[in-house]
Amino acid sequence: MTAEQVTIASGEERLAGVLALPGPGAPQHLPGVLIVHGFPSGPGGGANSPVTFPELAERIAGEMGWAALTANLRGMPGSSGSFSLGDWLADVLAATDFLVRHPRVTAVWLVGFGAGGALCVAAAAAARRVRGVACLAAPADFLNWAREPERLLARGREGGAIAPGQPADWDVWVAPLRRLAAAARAAALAPRPLLLLHGADDEEVA
């Protein structure tokens, strides 16, 4: 198994990522999976949210023989820019394109955690090249965030995902919170598979 740090272009921003590939003896052509983190929570959340994902990618490559990519979306450690929900969706699509273009990858699946899971559904709905999606504790929509955008902004700054002075345009930043809903876009995945995992005692994600 090999793992390398990669840089993914998403518009004008650059995203830090890790690409893991199976070792010698693996087939030349591989299925690929993009692993998408959630929104940072609490002090240091920007560093902690995706910190274990490279290890997960390496395990997938080593034990399953897949190509596995993890990307730090904008505002997260090593990546430029600041969080906005619309821009994070663009980042997921850019990372999907990056993996699709890899010469050894023949098909791509998306796996997302929390808000990242909802974004995976939205990305797959817009991109037929995605073969399927798995979501872990993904919200059906972001209306809770839309009702208290100032609180979300404070959490993003606390977690390090939103730089001082951002967002530059408040209305543009808030708009995707109201209109982007995984539940409304899930039907567009059919007949591709969609796996939903959710804890029965999860009081935050409904």
Output, in order, the C-alpha distance, side-chain angles, deciding distance and verdict of side-chain contact (heavy atoms from CB on, under 4.5 Å) for Leu56 and Thr70. CA-CA 9 Å; Leu56 176 59; Thr70 179; over 6 Å; no
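- One finds the CG atom of Leu34 at 13.5 Å from the CH2 atom of Trp109 (value rounded to the nearest 0.5 Å).
- Considering all non-hydrogen atoms of both residues, Gly114 and Pro139 come closest at O-CD, 3.4 Å.
- By the side chain to side chain donor-acceptor pair (under 3.5 Å) test, Ser80 is found to be paired with Glu13, residues two or more places apart in sequence or in another chain being considered.
- Every side chain to side chain donor-acceptor pair (under 3.5 Å) that Arg129 has, sequence neighbours left out, goes to Asp97.
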For Leu69 and Val33: C-alpha separation, side-chain torsions, deciding distance, then whether side-chain contact (heavy atoms from CB on, under 4.5 Å) applies. CA-CA 6 Å; Leu69 172 67; Val33 60; over 6 Å; no
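- Ring geometry for Phe83 versus Phe39: interplanar angle over 60°, hence perpendicular rather than tilted (30 to 60°).
- In plain terms, the two heavy atoms of Arg185 and Ala122 that are nearest each other are NH1-CB, 3.8 Å.
- Taken to the nearest 0.5 Å, the CZ atom of Arg151 stands 10.5 Å off from the CD atom of Glu158.
- Dense packing is recorded around CD of Gln28, with more than 12 heavy atoms of other residues, nucleotides or ligands lying under 6.0 Å away.
- In this structure, Arg101 CZ and Thr96 OG1 are separated by 10.5 Å, a value rounded to the nearest 0.5 Å.
- Rounding to the nearest 0.5 Å gives a distance of 10.0 Å between CZ of Arg192 and CZ of Arg131.
- Asn72 contributes no side-chain N or O that, together with a main-chain N or O of Ser79, makes up a donor-acceptor pair within less than 3.5 Å.
- Scanning both residues, Val172 and Asp169, for their nearest heavy atoms gives N-OD1, 3.2 Å.
- In this structure Arg104 satisfies the side chain to side chain donor-acceptor pair (under 3.5 Å) test with no other residue, sequence neighbours excluded.
- Considering every non-hydrogen atom in both Gly65 and Pro22, the closest pair reads O-CG, 3.7 Å.
- Between Ala124 and Leu110, the shortest heavy-atom distance links the atoms N-CD1, 4.4 Å.
- Between the side chains of Asp91 and Ser10, a donor-acceptor pair is found at a separation under 3.5 Å.
- Aromatic ring pairs are classed by plane angle as parallel below 30°, tilted from 30° to 60° and perpendicular above 60°; the pair Trp88 and His37 is perpendicular.
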